[in-house]
Visitor: 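Before we start, here is the structure in question, set down as structure tokens.
Per chain, numbering begins at 1; letters A, B, ... match sequence-line order. As the structure is a computational prediction, the values presented were derived from the model and not from experiment.
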Protein chains: 2
Amino acid sequence: MTKNFNFTEKLRETGLRPTKQRVKICEVLFNREKTFHFTINDLAKKISEDLNEKFSLATVYNTVHAFKDKGYLKEIAINSDKSYFDTNTSSHHHFYDEDTHELIDCNKDDLDTINIKKNITGKKINSVEVLIRVASDNQNQN
Amino acid sequence: MTKNFNFTEKLRETGLRPTKQRVKICEVLFNREKTFHFTINDLAKKISEDLNEKFSLATVYNTVHAFKDKGYLKEIAINSDKSYFDTNTSSHHHFYDEDTHELIDCNKDDLDTINIKKNITGKKINSVEVLIRVASDNQNQN
DNA sequence: TCATAGATTATAATTATTCTAAACTGTTGA
DNA sequence: TCAACAGTTTAGAATAATTATAATCTATGA
């Protein structure tokens with residue numbers, strides 16, 4: 001999904017009916033320069049702010065999951081409080097600011113490529129995620 | 001915490017009252033060769049199986065959190081379903097088997113050291129976690 | 001236009017986790 | 001040794017994120 005796309009067509013192409021809600025959520029998520037890191041709640045809030053209308057929470061959940069299944073979104077494991085999603089679906093890693101609870105994408109050159117030397121027999125690697133937890137220098141050491 | 005330790009003394013040393021429940025949970029967690037990866041539910045089940053008695057779930061939560069705060073346990077972010085904990089508190093990484101929902105420790109030589117080249121101004125790095133998701137070769141590509 | 005499969009919705013249900021307040025227990029010091 | 005108190009445990013209630021349900025609605029293809 002790229003900026004200023006014909007979301008209706010894109011949705012149809014990938015087998016999702018382009019409903020009003022889905023198209024609008026696409027606009028909120030993908031009409032932007034930088035990648036967007038969000039929780040369901042963030043998104044629901046953004047929808048009601050930006051569009052001045054409120055979709056059912058269930059719709060937000062359904063849509064985000066549909067988008068994730070179609071590969072428009074990536075889910076990022078941070079903790080068990082809530083799920084975080086990322087509009088950047090390329091293979092990349094994250095900083096997580098434990099003070100602000102914000103996610104920041106790593107650039108390609110922030111980190112060497114992760115090289116896994118061991119294979120688990122009969123298993124293939126689905127993903128490799130690095131999470132770098134950071135916090136203010138002058139506070140909780142964890 | 002090491003195998004066959006005097007848990008009562010160890011608990012006291014770190015400022016935790018060695019109650020019956022805490023000592024028994026120590027035994028379940030730390031009297032073993034290999035590291036133990038578990039969810040709260042796993043642990044609660046193991047307690048009732050191994051010890052043939054049932055501690056209040058709240059106690060299991062309290063104890064696990066106390067142990068985590070004292071550095072006996074590490075929490076591992078996998079998904080938002082539940083929290084996973086690890087008795088191996090050294091800096092290390094994980095494979096996560098998406099078929100069996102099992103965690104497997106990476107050995108030091110499974111992975112190169114992660115070298116982070118970028119700093120976030122004013123922030124210090126608390127931890128660097130790598131999670132390698134694996135799954136059976138002949139099924140869901142995610 | 002119509003039938004229908006697929007979506008949306010409000011709400012209920014579920015699940016993991018945290019809170020609460022009462023009862024209980026380790027520890028300290030007289 | 002024992003009273004007193006702070007720290008723990010406990011059952012159950014409360015909370016929060018998420019999923020399920022079932023009725024209504026809508027995009028789509030005939």
Visitor: Just the rounded figure in Å: distance from C1' of dT28(D) to CD of Glu9(A).
Guide: 13 Å
Visitor: First contact, last contact: which nucleotides of DNA chain C are these for chain B, 5' to 3', heavy-atom distance under 4.0 Å?
Guide: dA16(C) to dT27(C)
Visitor: So if I take every side-chain heavy atom of Pro18(A) and compare against dT19(D), dT28(D), dG12(D), which nucleotide ends up nearest?
Guide: dT28(D)
Visitor: Report the distance from atom CG of Leu11(A) to atom C1' of dT26(D), rounded to the nearest whole Å.
Guide: 15 Å
Visitor: In this structure, how many angstroms lie between the C1' atom of dT10(D) and the CZ atom of Arg22(B), rounded?
Guide: 14 Å
Visitor: May I ask you to say what Thr39(A) touches in the nucleic acid, namely base, sugar-phosphate or nothing, with a heavy-atom cut-off under 4.0 Å?
Guide: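 Result for Thr39(A) = nothing.
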Visitor: Among side-chain atoms of Asn115(B) and Lys117(B), is any donor-acceptor pair under 3.5 angstrom?
Guide: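 No, no side-chain donor-acceptor pair sits under 3.5 Å.
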Visitor: Nearest whole Å is fine: how far is dT10(D) C1' from Glu53(B) CD?
Guide: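 For the pair Glu53(B) CD and dT10(D) C1', the rounded distance is 14 Å.
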Visitor: With a 4.5 Å heavy-atom cut-off, do Ile40(A) and Phe85(A) have their side chains touching?
Guide: yes
Visitor: Taking distance alone, no hydrogens or angles, what donor-acceptor pairs closer than 3.5 Å link side-chain atoms of residues 20-30 of chain B to residues at least two apart or in another chain?
Guide:
from: Lys20(B); atom 1: NZ; to: Glu53(B); atom 2: OE1; distance (Å): 3.2
from: Arg22(B); atom 1: NH1; to: Arg17(B); atom 2: O; distance (Å): 3.0

Visitor: When you check the side-chain N and O atoms of His37(A) and Asp42(A), is any donor under 3.5 Å from an acceptor?
Guide: no
Visitor: Between dA27(D) and Thr19(A), is there an OP1 or OP2 to side-chain N/O distance shorter than 4.0 Å?
Guide: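 Answer is no, no contact under 4.0 Å.
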Visitor: Which atoms form the tightest heavy-atom contact between Ser136(B) and Lys124(A), and what is the distance?
Guide: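 Here Ser136(B) and Lys124(A) meet closest at O-NZ, 3.8 Å.
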Visitor: So what does Asn62(B) touch, heavy atoms closer than 4.0 Å: a base, only the sugar-phosphate, or nothing?
Guide: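 The answer is base, as Asn62(B) lies within the cut-off (heavy atoms under 4.0 Å) of a base atom.
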Visitor: Does this structure show an ion pair linking Lys123(A) with Glu98(B), if we count only N-O contacts that are shorter than 4.0 Å?
Guide: no
Visitor: Write down the distance between CD1 (Ile25(B)) and P (dT10(D)), rounded to a whole number of angstrom.
Guide: 9 Å
Visitor: Specify the residue among Leu16(B) and Thr63(A) whose closest nucleotide of DNA chain C lies further upstream toward the 5′ end.
Guide: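 Nearest-nucleotide comparison on DNA chain C picks Thr63(A).
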Visitor: Classify Thr59(B) by what it touches in the nucleic acid, base, sugar-phosphate, or nothing, heavy-atom distance under 4.0 Å.
Guide: base
Visitor: Pairing donors with acceptors under 3.5 angstrom, does anything connect the side chains of His92(A) and Asp86(A)?
Guide: yes
Visitor: Tell me the interatomic distance from Lys20(B), atom NZ, to dG7(D), atom C1', rounded to whole angstroms.
Guide: 17 Å
Visitor: By nearest nucleotide on DNA chain D, pick out whichever of Ala58(A) and Asn41(A) is the more 5' one.
Guide: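 The residue whose closest nucleotide sits nearer the 5' end is Asn41(A).
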Visitor: Can you measure Leu57(A) atom CG to dT19(D) atom C1' for me and round it to whole angstrom units?
Guide: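 In whole Å, dT19(D) C1' and Leu57(A) CG are 12 Å from each other.
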